[in-house]
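Before any comments, here is the structure.
Residue numbers begin at 1 in each chain, while the letters A, B, ... track the order of the sequences. The structure displayed is predicted, hence computed values, not measured ones.
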Amino acid sequence: MLQANFIKENREKVLERLTVRNFKDAHLIDEIIILDQKRKDIQADSDNIQASINSSSKEIGNLFKQGKKEEAEEKRTNVANWKIELKELQEEADLVKSKLEDALLAVPNVPHPSVPAGNTDEDNEVFKAWEGDFPKLPERHFPHWELAEKYGIFDLKLGVKLTGAGFPVYRGKGAKLQRALIAFFLDEAEKAGYEEFIPPLLVNEESARGTGQLPDKEGQMYHATVDDLYLIPTAEVPITNLYRDAILNEKDFPIKMTGYTPCFRREAGSYGAHVRGLNRLHQFDKVEIVRIEHPEQSYAALDDMLEHVAGLLDKLGLPYRILRLCGGDLGFTSALTFDFEVFSAAQERWLEVSSVSNFETFQSNRLKLRYRDANNKKHLVHTLNGSALALPRILAALLENNQTENGILVPEVLRPYTRFDIID
RNA sequence: GGAGGAGUGGCAGAGCGGUUGAAUGCACUGGUCUUGAAAACCAGCAUACCUUUACGGGUAUCGGGGGUUCGAAUCCCUCCUCCUCCGCCA
């Protein structure tokens with residue numbers, strides 16, 4: 001959520017940058033400015049009335065002590081009238097505030113200057129293309145879902161039996177490979193200075209609001225209505241919320257956190273070839289990295305995160321490319337996002353395995369997450385996060401790219417974790 | 001799940017209807033003293049919003065929400081959290 005003040009002071013710039021993501025609602029922007037002014041006016045009025053009530057109350061107390069009953073009674077009627085007035089003002093204030101909140105919630109983050117205009121994923125800019133070789137597959141090769149069946153790596157039909165579509169059951173070496181990837185990613189994050197967390201998988205409404213899942217995107221999350229809790233769609237939610245309502249010192253930066261969690265997404269996806277196998281699931285595993293940064297450092301941090309994710313893919317030997325998302329494809333809360341896609345050789349497709357974003361102050365405003373500068377002034381921090389990495393598509397690409405006549409080869413870096421070299 | 005008790009500033013801890021945004025101690029910051037440090041002493045030290053060029057002023061906040069009252073940290077209702085005991089349980 002942007003700050004009303006920021007919008008007011010940067011009206012033209014905000015409008016201009018938002019056109020990059022096809023947001024052109026100048027009316028909404030102006031409404032915010034008007035509502036915010038109205039809010040201030042009402043508060044000034046009601047503060048004045050409250051001040052009168054407060055001082056009268058003190059006088060009434062004194063008058064009673066002095067036995068001046070009549071004067072006291074007179075003031076009491078005054079106070080009663082003010083209270084009626086105050087109540088009306090407060091009702092108006094509540095209305096204005098909720099309208100303002102709604103309007104602010106409808107405004108997406110302002111894209112970074114480097115974000116290209118565009119409507120769909122086809123307009124994304126290839127920030128770093130793959131210049132290496134693509135895997136050479138054997139004559140007879142298979143997409144990962146057929147390999148899964150052949151080698152007993154995961155079973156979607158069993159998942160349907162237990163739960164429903166989109167809930168895979170990993171088994172045998174498939175389960176071990178999954179566990180190996182998680183451990184590998186966490187170890188790499190630790191080496192890069194990220195502190196590991198194991199957060200709750202259910203969060204309350206406040207947390208879901210903090211990172212921007214609520215309101216608006218409730219359809220995306222599984223909701224345990226009896227207890228009013230939400231299954232997390234990503235570790236970003238609990239981990240970023242660790243710092244909700246906090247005031248940091250400049251020396252606390254950078255804050256680097258990581259965590260492995262299962263992720264749950266309701267999004268009733270389409271069916272067909274593009275979502276077959278592990279391409280799109282309701283439950284999947286992911287290691288996430290989250291950073292809380294000084295505003296001046298946040299873009300350097302973003303670069304650092306890109307490097308980290310690229311390093312993981314290099315070590316796994318997967319061909320990948322990096323995209324800079326265009327305005328139309330950019331998430332609502334993000335100022336700048338880079339997607340990583342790996343090439344899955346049997347499907348002959350690029351699969352998104354990571355999304356690394358800088359939210360600038362869009363989340364921290366909601367989270368009330370600030371820092372104190374050298375002059376003791378408080379400012380909002382910048383928050384960032386990225387997948388490092390999402391497991392299913394990594395697994396899909398590994399299976400497809402590493403298949404041989406004799407089985408599927410495990411990448412060198414994972415062998416200490418799996419303790420087997422080949423799935424056959 | 002049952003029965004009790006408690007939630008006050010960064011921490012500890014007073015206050016239990018009227019200049020109490022809140023005593024006191026610790027911590028923290030600045031100063032005096034000191035060759036330096038410690039100690040001692042003096043001063044400052046919550047958050048949010050509104051207002052002011054500035055100095056400053058106003059309002060709200062004593063777990064959250066609601067109520068009683070001219071006036072609530074203090075009384076009432078409700079929710080949350082924590083502690084103790086009992087039950088259940090990986």
Side-chain angles (χ1 to χ4, degrees), chain A residues 1-9 32-104 198-210 214-215 223-230 238 241-252 255 262 361 363-381:
Chain A
M1 190 164 70
L2 296 174
Q3 297 180 102
N5 255 341
F6 175 82
I7 290 175
K8 184 178 158 190
E9 281 159 27
I32 287 170
I33 295 170
I34 291 165
L35 284 170
D36 191 48
Q37 189 54 49
K38 217 166 171 178
R39 193 200 103 242
K40 290 177 183 179
D41 293 345
I42 293 173
Q43 181 169 347
D45 288 348
S46 67
D47 278 2
N48 282 335
I49 294 175
Q50 188 62 251
S52 303
I53 292 175
N54 287 347
S55 68
S56 284
S57 293
K58 275 178 196 164
E59 286 168 30
I60 289 169
N62 288 330
L63 288 171
F64 270 123
K65 270 180 205 159
Q66 293 164 26
K68 296 181 182 166
K69 268 204 162 159
E70 273 139 55
E71 270 180 71
E73 287 302 335
E74 202 182 305
K75 285 199 183 288
R76 259 157 87 151
T77 32
N78 281 342
V79 170
N81 288 334
W82 280 328
K83 283 185 84 171
I84 293 165
E85 219 176 306
L86 189 64
K87 199 170 181 195
E88 280 167 13
L89 271 179
Q90 262 155 10
E91 274 163 18
E92 203 186 333
D94 288 345
L95 190 72
V96 168
K97 277 186 202 162
S98 89
K99 274 189 189 165
L100 179 61
E101 167 101 355
D102 289 348
L104 283 169
I198 301 180
L201 305 181
L202 285 158
V203 293
N204 57 27
E205 193 185 320
E206 247 186 309
S207 297
R209 293 183 82 89
L214 288 179
H223 186 192
T225 50
V226 177
D227 297 294
D228 203 16
L229 296 172
Y230 296 86
N241 269 283
L242 292 170
Y243 281 89
R244 169 151 47 85
D245 251 318
I247 299 178
L248 306 169
N249 293 311
E250 280 187 309
K251 64 175 161 52
D252 295 330
I255 293 170
T361 61
Q363 285 184 331
S364 60
N365 186 30
R366 267 305 188 76
L367 292 161
K368 295 204 187 76
L369 170 50
R370 291 149 298 170
Y371 72 96
R372 230 187 275 275
D373 70 16
N375 299 318
N376 241 347
K377 283 249 187 299
K378 283 172 285 287
H379 310 275
L380 294 171
V381 307

Item checked: Phosphate OP1/OP2 of B:G71: any A:Lys75 side-chain N/O under 4.0 Å -> no
Note to self: Rounding to an integer number of Å, can you tell me how far A:Ile42 CD1 sits from B:C49 C1'?
What the structure shows: 14 Å
Item checked: Nucleotide forming a Watson-Crick or wobble pair with B:A43, both distances under 3.5 Å -> B:U29
Item checked: A:Thr361 side chain reached by A:His379 side chain, heavy atoms, under 4.5 Å -> no
Check: Using atom C1' of each nucleotide, how far apart are B:C28 and B:C11 to the nearest Å?
Finding: 11 Å
Margin query: Let's see if you can work this out: which of B:G71, B:U51, B:G58 has an atom nearest to the side-chain heavy atoms of A:Lys83?
Written below: B:G71
Next item on the list: Could you check how far CG of A:Asp47 sits from C1' of B:A48, rounded to whole Å?
Entry: 12 Å
Next item on the list: Look at A:Arg372 and B:U29 and indicate whether a side-chain polar atom (N or O) is within less than 4.0 Å of OP1 or OP2.
Entry: no
Margin query: Taking 4.0 Å as the cut-off, does a side-chain nitrogen or oxygen of A:Gln50 come that near to OP1 or OP2 on B:A60?
Written below: yes
Check: If you find the nucleotide of RNA chain B closest to A:Arg370 and the one closest to A:Ala80, which residue's nucleotide is nearer the 5' end?
Finding: A:Arg370
Margin query: For the CD1 atom of A:Ile49 and the CH2 atom of A:Trp82, what is their distance to the nearest 0.5 Å?
Written below: 9.0 Å
Check: For B:G71, does OP1 or OP2 lie under 4.0 Å from any side-chain N or O of A:Arg76?
Finding: no
Check: In the strands shown, is B:G9 matched to any nucleotide by a Watson-Crick or G-U wobble pair with both distances under 3.5 Å, and which?
Finding: none
Checklist line | Heavy-atom closest pair, residues A:Ile42 and A:Leu89 | finding: CG2-O, 3.7 Å
Checklist line | Nucleotide forming a Watson-Crick or wobble pair with B:A3, both distances under 3.5 Å | finding: B:U84
Next item on the list: With P as the reference atom in both, quote the distance from B:C79 to B:A23 in angstrom, rounded to an integer.
Entry: 33 Å
Next item on the list: Between B:G25 and B:U32, how far apart are the C1' atoms? Round to whole Å, please.
Entry: 23 Å
Note to self: I need the CG-C1' distance between A:Asn249 and B:U29, as an integer number of Å.
What the structure shows: 13 Å
Next item on the list: Output the single nucleotide from B:C70, B:C50, B:U47 whose closest atom is nearest the side chain of A:Ser57.
Entry: B:C70
Check: Given that both distances must come in under 3.5 Å, which nucleotide forms a Watson-Crick or G-U wobble pair with B:U53?
Finding: none
Checklist line | Salt bridge flag under 4.0 Å for residues A:Glu206 and A:Arg244 | finding: yes
Check: Base, sugar-phosphate alone, or nothing: which one does A:Lys368 contact when heavy atoms must sit under 4.0 Å apart?
Finding: nothing
Notebook entry, point to check: When the P atoms of B:C62 and B:C75 are considered, how many whole Å apart are they?
Noted result: 14 Å
Check: Hey, is the side chain of A:Arg39 poking within less than 4.0 Å of OP1 or OP2 on B:C50, counting only N and O atoms?
Finding: yes
Next item on the list: Return the value, rounded to whole Å, for the distance between atom CG of A:Asp36 and atom C1' of B:C49.
Entry: 11 Å
Next item on the list: In whole angstrom, give the distance that lies between atom CD1 of A:Ile53 and atom P of B:U59.
Entry: 11 Å
Item checked: First encountered from the 5' end of RNA chain B, between A:Gln37 and A:Gly61 -> A:Gly61
Item checked: B:U81 versus B:C55 - spacing of their C1' atoms, nearest Å -> 43 Å
Margin query: Between B:U74 and B:A6, how many Å separate the two P atoms, rounded to a whole number?
Written below: 15 Å
Note to self: Does a side-chain N or O of A:Asn54 approach OP1 or OP2 of B:U59 to a distance below 4.0 Å, or not?
What the structure shows: yes
Next item on the list: Could you measure between the two C1' atoms, the one in B:A37 and the one in B:A72, and give it in whole Å?
Entry: 49 Å
Checklist line | Interatomic distance, A:Lys377 NZ vs B:A48 C1' [rounded to whole Å] | finding: 15 Å
Checklist line | Closest non-hydrogen atom pair between A:Leu380 and A:Ser364, with its separation | finding: CB-OG, 3.5 Å
Next item on the list: Using atom CD1 of A:Ile84 as one end and atom C1' of B:C70 as the other, report the distance to the nearest whole Å.
Entry: 14 Å
Notebook entry, point to check: With sugar-phosphate meaning primed atoms plus P, OP1 and OP2, does A:Asn48 contact a base, only sugar-phosphate, or nothing at under 4.0 Å between heavy atoms?
Noted result: nothing
Check: Across all strands, who's sitting opposite B:U59 as a Watson-Crick or G-U wobble pair, both distances under 3.5 Å?
Finding: B:A48
Item checked: For atom CD of A:Glu206 and atom P of B:G63, their distance in whole Å -> 17 Å
Checklist line | Check ion pair A:Glu101-A:Arg209 (N to O, under 4.0 angstrom) | finding: yes
Check: A:Gln43 side chain: which of B:C70, B:U51, B:C49 is closest?
Finding: B:C49
Margin query: Taking the minimum atom-to-atom distance to the side chain of A:Ile247, which one of B:C49, B:C70, B:U47 wins?
Written below: B:U47
Margin query: Check this for me: does any side-chain nitrogen of one of A:Lys99 and A:Asp102 sit under 4.0 Å from a carboxylate oxygen of the other?
Written below: no
Next item on the list: If B:C16 has a Watson-Crick or G-U wobble mate with both distances under 3.5 Å, name it; if not, just say none.
Entry: none
Next item on the list: Could you tell me which nucleotide pairs with B:A22 by Watson-Crick or G-U wobble geometry, both distances under 3.5 Å, or answer none if nothing does?
Entry: none
Margin query: So A:Leu201 and A:Pro262, do their side chains get closer than 4.5 Å, heavy atoms only?
Written below: yes
Checklist line | P gap between B:C41 and B:U24, integer Å | finding: 15 Å
